[in-house]
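Have a look at the structure below, then the notes.
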Amino acid sequence: MIQAISRPSMTRVTHCVSEQYDEMYRQSVEDPDGFWLDQAKRLDWFSAPTRGGEWSFDPADISWFADGSLNLCHNAVDRHLRTRGEDTAIIFEPDDPASAGRTLTYRELHAEVIRMANAMKAMGVKKGDRVTLYMPMIVEGVTAMLACARIGAIHSVVFGGFSPEALAGRIEDCGSRFVITADEGLRGSKRVPLKANVDAALNELDHDTPIDGMLVIKHTGAKIEMREGRDHWLHDVATDEDCPCEGMNAEDPLFILYTSGSTGKPKGVLHTTGGYGVWTATTFNYVFDYQPGEVYWCTADIGWVTGHSYIVYGPLMNGATSVVFEGVPNYPDHGRFWDVVDKHKVSILYTAPTAIRALMREGDEFVTSRDRSSLRLLGSVGEPINPEAWRWYYDVVGSGRCPIVDTWWQTETGGVMITTLPAAHDMKPGSAGLPFFGIQPQLVDNDGAALDGAVEGNLCITASWPGQARSVYGDHERFEQTYFSTYPGKYFTGDGCRRDEDGYYWITGRVDDVINVSGHRMGTAEVESALVLHELVAEAAVVGYPHDIKGQGIYCYVTLNAGVSGSDELHQALRAHVRKEIGPIATPDHIQFTDGLPKTRSGKIMRRILRKVAENDYGALGDTSTLADPSLVDRLIEGRQNR
Ligand code: 6R9
């Protein structure tokens, strides 16, 4: 049993102490409508809601604040002009520390958002239109999101590391007629040809006019092709005229964000305006305990939900100063994070275990040679943090002074669900902690029976919360099927979890066919589909296996067409092929060529065996007698050992 670590005494915490948490949590589950209508007051509404949660999980139909109207760009930007217009909203830290950065006050951010929104309008974007953003981590990524929210367009941000093929699928799936991108992105001094990738993606789509307009931001100044009539430079079409915020119903869509699942292609998770706004504003306030004037830095990319909720909406709706970082943790050297912390006097740092582990491996010197005395609170998100990395983050990065919030949540949950609160709770390294207000977790066995007390099971949530996703864009049936059919009447997270005797939750990882690679969700089915697209591949099965830095690595079993044999060249070719189909984050770590996959007589692949073999754990293969060809197991093990 790991010892709990007491919360360090913090002099400036005002947001929530332990007794308050218990009382507020009780209220939040006993009277959710009263509680959340009250929390909703932290936002500015054009018409305040009187209705709270109206929802069912069977069938799935979820609504919050249905009679309220508001605009999240107004809440993130305009409403601050009167009170803190000259405060810093965004600090932009470029990839190359020698390049010029930028800071924007709320007033300057307002002006930039308006220019972006007017440019979008000039292209013909209207309320309800889907707009795909394929952006580097620059200020315009944030202003493009906020400009969409301002005029009621639905943004779909696609991570800049995805391939043209993956981008094309996401443009097509949501019927997006507009794209916003930049000439190039920069990451660790490498150039990412964003505009060229968009062009390639559009060529993939077999229409003559796959989109109506593209807005391009000049970032690196690289030479790119602009198609007459379709592609526009932002600086050519942006104007400063007045651009009021659209009044949005609380249930009007705010954004779509594609995420991987256990089957099929990525799903367009749909979030709406009011509930998501209340959820991200409230969680940001309590979880990060933000104090006016502090600098807050979330190292995620706006291409992931963490960037949406905790670089853009949560911090800005709270009037915080949010750092937008274009670079990577190891460029120019492994001390970059701490240089940025010192340069901008960052108080609150929110990052991922994979980054922590990668930096830990480089030794303490990169950290201890930097000052870091501005740090007050540390956060972790994206995957379970192993206690060793937790200790290093706490002892070395935070010098034992800074509490850690290990925040468990998902694209589908909109914001943080399980975490300790910095001023309220003791921490246990490796445990996310306790449910946030309104969250009612339940652990169930494989038949869906609720388990009480200190146990391990499948993590479900039994009641809706404002930030919950409302649907899968264009496929509500898939939404129900994916999240509400495994255990009818409950939202199933896909995660396994243990609850200890203090009621703390310990996420054990995915229990479905989703793997978590460097904090990024990857469906094994997606990698398999990419592999079998290769002309020499007959069949493929992909599993995760423990990886020191990435958390999980991608292990592929591949059978080749008759007469073809595996070689180092083919190995490399397949890796390159998957990168091209999906993007670098999906690059297989290992490919094992095999003459067959372990299938039952009914043809179902026994992934359990493939996982064990990939993990090098042959003692616990379990029952293999139902395999069509039990002798295959020995050949798989032999192949693994000869790897
Ligand atoms: C926010 C985000 C969600 C999946 C989730 C779980 C894993 C996220 C975690 C964590 C343990 C944490 N996960 N945070 N596991 N402890 N603090 O990451 O969203 O990309 O949708 O991934 O990530 O497995 O189900 P998303």
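First listed ligand is number 1; within each ligand, the first listed atom is number 1.
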| query | Any idea which part of R510 is under 4.0 Å from ligand 1, heavy-atom wise: side chain, backbone, both or neither? | reply | side chain
| query | At what distance is the nearest protein heavy atom to atom 24 (O) of ligand 1, and which residue and atom is it? | reply | D495 OD1, 2.7 Å
| SB check E383 R357 (cutoff 4.0 Å) | yes
| request: Taking only Lys NZ, Arg NE, NH1 and NH2, and the carboxylate oxygens of Asp or Glu, determine whether D289 and R376 approach each other closer than 4.0 Å. | output: yes
| query | Which one holds for N516 and ligand 1: side chain close, backbone close, both close, or neither close, with close meaning a heavy atom under 4.0 Å? | reply | side chain
| field | Close approach, W409 and ligand 1, non-hydrogen under 4.0 angstrom | value | yes
| task | Using a strict cut-off of less than 4.0 Å between a Lys/Arg side-chain nitrogen and an Asp/Glu carboxylate oxygen, indicate whether D173 and R130 qualify as a salt bridge. | result | no
| Can you list the ligand 1 atoms lying under 4.0 Å from a non-hydrogen atom of T306? | 1 (C)
| task | List the closest protein heavy-atom neighbour of atom 22 (O) of ligand 1: residue, atom name, distance to the nearest 0.1 Å. | result | R521 CD, 3.1 Å
| Which atoms of ligand 1 have any heavy atom of V305 under 4.0 Å away? | 1 (C), 19 (O)
| query | For ligand 1, which atoms have a heavy atom of D406 less than 4.0 angstrom away? | reply | 12 (C), 16 (N), 17 (N)
| field | Separation of E165 CD from N197 CG (nearest 0.5 Å) | value | 9.0 Å
| field | Lys/Arg N to Asp/Glu carboxylate O, K428 vs D406, below 4.0 Å | value | no
| Within the side chain of D502, is there an N or O that forms a donor-acceptor pair under 3.5 Å with the backbone of Y504? | no
| Numbered atoms of ligand 1 (with element) below 4.0 Å of V381, judged on heavy atoms | 1 (C)
| said: Could you tell me if R498 sits above the aromatic ring of Y505, with its cationic atom closer than 6.0 Å to the ring centre and no more than 45 degrees from the axis? | reply: no
| With a 4.0 Å cut-off, would you call E528 and K265 a salt bridge? | no
| request: List the closest protein heavy-atom neighbour of atom 11 (C) of ligand 1: residue, atom name, distance to the nearest 0.1 Å. | output: P384 N, 3.1 Å
| query | What protein heavy atom sits nearest atom 12 (C) of ligand 1, and how far off is it? | reply | E383 O, 3.5 Å
| request: Report, in ascending order of atom number, the atoms of ligand 1 lying under 4.0 Å from any heavy atom of I507. | output: 11 (C), 15 (N)
| note | atom 21 (O) of ligand 1: closest protein heavy atom, distance to 0.1 Å, is T411 OG1, 2.6 Å
| field | Proximal atoms of ligand 1 relative to T407 (non-hydrogen, under 4.0 Å) | value | 9 (C), 12 (C), 14 (N), 17 (N)
| said: Angle between ring planes, F255 versus H308, binned at 30° and 60°: parallel, tilted or perpendicular? | reply: tilted
| field | G382 touching ligand 1 at heavy-atom level, < 4.0 angstrom | value | yes
